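The structure appears right after this line, and notes come after that.
Source: prediction; values computed, not measured. Numbers restart at 1 for each chain; the letters A, B, ... are given by sequence-line order, proteins then strands.
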Protein chains: 2
Amino acid sequence: MAERSRRERERERHRREVLEAAEAVFAQKGFYRATVQEIAERAEFAVGTIYTMFESKKAIYYELVQMRAREYTESVRETIRQLTDPREQIRAVVAAKLKFFEENQQFFRIFTSATSGEDREAPFALSEEARKVYADYMRMVSDVFREGIRQKVFVQMNPLLLTLALEGITNSTIAHSIHTGGEKLAEATPERIERLLFGGILARQDPQS
Amino acid sequence: MAERSRRERERERHRREVLEAAEAVFAQKGFYRATVQEIAERAEFAVGTIYTMFESKKAIYYELVQMRAREYTESVRETIRQLTDPREQIRAVVAAKLKFFEENQQFFRIFTSATSGEDREAPFALSEEARKVYADYMRMVSDVFREGIRQKVFVQMNPLLLTLALEGITNSTIAHSIHTGGEKLAEATPERIERLLFGGILARQDPQS
DNA sequence: TTAGAAATTGAATATATATTCAGAATACCA
DNA sequence: TGGTATTCTGAATATATATTCAATTTCTAA
């Protein structure tokens with residue numbers, strides 16, 4: 001009985017090790033150029049062993065995306081839950097997002113190709129499950145905007161569009177940071193993004209005629 | 001002589017036909033799931049013929065990306081050149097971008113996976129040439145921001161970050177529009193994006209205490 | 001200590017598809 | 001019209017890699 005459980009724990013641990021190896025390989029090469037061989041080597045298992053843990057290469061990819069998407073969504077949900085002011089909630093979401101992807105740079109690459117537009121990179125469509133998690137996330141953030149609009153804190157505009165703007169700004173910033181050698185994102189950047197997002201790019205009308 | 005030229009024109013036309021077929025297939029399936037077979041069928045040539053026009057599948061992809069990237073960059077360059085006020089230039093760039101990608105939705109999908117972050121989807125790196133074109137484009141837009149900042153029209157902030165914000169907002173908006181069945185992007189959207197980008201998401205401080 | 005169960009292995013298999021190339025079709029010119 | 005150059009063709013080849021599975025190793029419990 002205790003035995004049963006130890007084996008199971010081992011098995012779980014091994015699966016997680018494979019998923020982490022896979023994350024590194026997928027992030028670096030994308031789904032198609034990544035080989036099961038390489039994932040196996042990185043996880044220090046033989047190819048055959050991988051196939052006793054996962055149905056297929058696709059299954060690994062799916063499970064990985066789903067796992068991280070869930071972690072991310074949960075972290076944002078928690079962030080929102082702890083605050084009530086919409087403005088502060090958005091602030092916190094930006095910070096949480098930067099933090100999460102700073103800690104999960106590899107996943108960011110997978111994340112963007114998996115969510116941006118459609119999913120040509122993915123084997124075919126994302127799993128229904130992952131799709132739901134993502135939709136959930138978008139709805140969550142949109143709801144904050146909706147409430148903020150109701151309170152007249154945010155501009156009167158389709159909350160989805162505001163969410164898209166938020167996503168767009170943060171994504172391009174994260175991408176750039178990672179691209180140019182991952183700077184300290186979580187530090188100065190949240191303020192800059194907030195400044196832009198909240199105030200826009202126009203200079204305050206002090207100096208202009 | 002005139003003969004030589006006719007053959008050459010034919011050849012050019014055929015190449016373009018193949019590139020267009022390839023664009024559709026790559027956009028739909030991404031580089032790896034696209035097959036040369038399918039591109040050939042779509043262009044109404046035999047596989048072998050494709051290989052008399054292009055070195056390889058990769059070469060087709062590269063040439064395609066390069067061609068469109070150049071078109072796009074040129075259209076933006078022209079847009080900027082025709083105006084002098086930075087604020088109007090940015091406005092026009094947004095409009096031009098939306099218009100271009102509304103007319104080239106297929107390419108948008110290729111474009112984002114080719115530029116976002118790195119290029120895991122692409123065979124390996126984008127061609128040096130395409131990379132240059134893209135860097136050029138970013139510099140062009142950054143320069144507008146720089147000038148606007150100098151004129152105190154835009155907020156004092158790293159022009160590159162402003163460009164990233166612009167790119168982020170427009171990309172996520174375009175992606176969403178395409179995703180949800182390509183609405184009339186070029187119409188109402190530029191104004192909304194400008195409103196957001198220029199003014200930010202905070203409501204003007206009229207009603208709030 | 002050992003029989004059996006479970007986990008691991010990696011060489012062999014299956015499959016998919018990029019690329020080649022010998023020959024067929026076509027265009028051109030004398 | 002016939003001969004040559006050019007273009008086109010698609011079956012055959014080459015290659016890469018996902019997946020399988022018989023054999024081996026490791027673990028467990030009596």
Check nucleotides 16-22 of chain D for protein N or O atoms closer than 3.5 Å to its own N or O atoms and list the pairs.
residue : atom : partner : partner atom : Å
D/dA18  : OP1  : A/Lys57 : NZ           : 3.1
D/dA18  : OP2  : A/Val36 : N            : 2.7
D/dT19  : OP2  : A/Tyr51 : OH           : 2.6
D/dT19  : OP2  : A/Lys57 : N            : 3.0
D/dT19  : O5'  : A/Tyr51 : OH           : 3.4

Any ion pair linking B/Arg70 and B/Glu129 (charged N to carboxylate O, less than 4.0 Å)?
-> yes
Distance in angstrom units between [X] [atom1] and [N] [atom2], rounded:
X: B/Arg9; N: C/dA27; atom1: CZ; atom2: P; answer: 16 Å
X: B/Phe45; N: C/dA25; atom1: CZ; atom2: C1'; answer: 14 Å
X: B/Ile50; N: C/dC21; atom1: CD1; atom2: C1'; answer: 16 Å
X: A/Glu41; N: C/dG10; atom1: CD; atom2: C1'; answer: 12 Å
X: B/Glu8; N: D/dT6; atom1: CD; atom2: C1'; answer: 13 Å

Pair B/Gln106-B/Phe101, side chain to side chain contact (heavy atoms under 4.5 Å, CB included): steps then yes or no = CA-CA 8 Å; B/Gln106 295 184 321; B/Phe101 285 117; over 6 Å; no
Sub-3.5 Å donor-acceptor pair from the side chain of A/Lys97 to the main-chain atoms of A/Val76, do we have one?
-> no
So A/Phe198 and A/Phe154, would you call those rings parallel, tilted or perpendicular, with 30° and 60° as cut-offs?
-> parallel
Decide whether a cation-pi geometry holds between A/Arg33 and B/Tyr32; the criteria are a distance under 6.0 Å from NZ or CZ to the six-membered ring centre and an angle within 45° of the ring axis.
-> no
Hey, can you pull the donor-acceptor pairs under 3.5 Å for the side chains in residues 38-45 of chain B, sequence neighbours left out?
residue : atom : partner : partner atom : Å
B/Glu38 : OE1  : B/Lys29 : NZ           : 3.2

Taking only the side-chain nitrogens and oxygens of B/His14, find out if one of them lies under 4.0 Å from OP1 or OP2 of D/dT7.
-> no
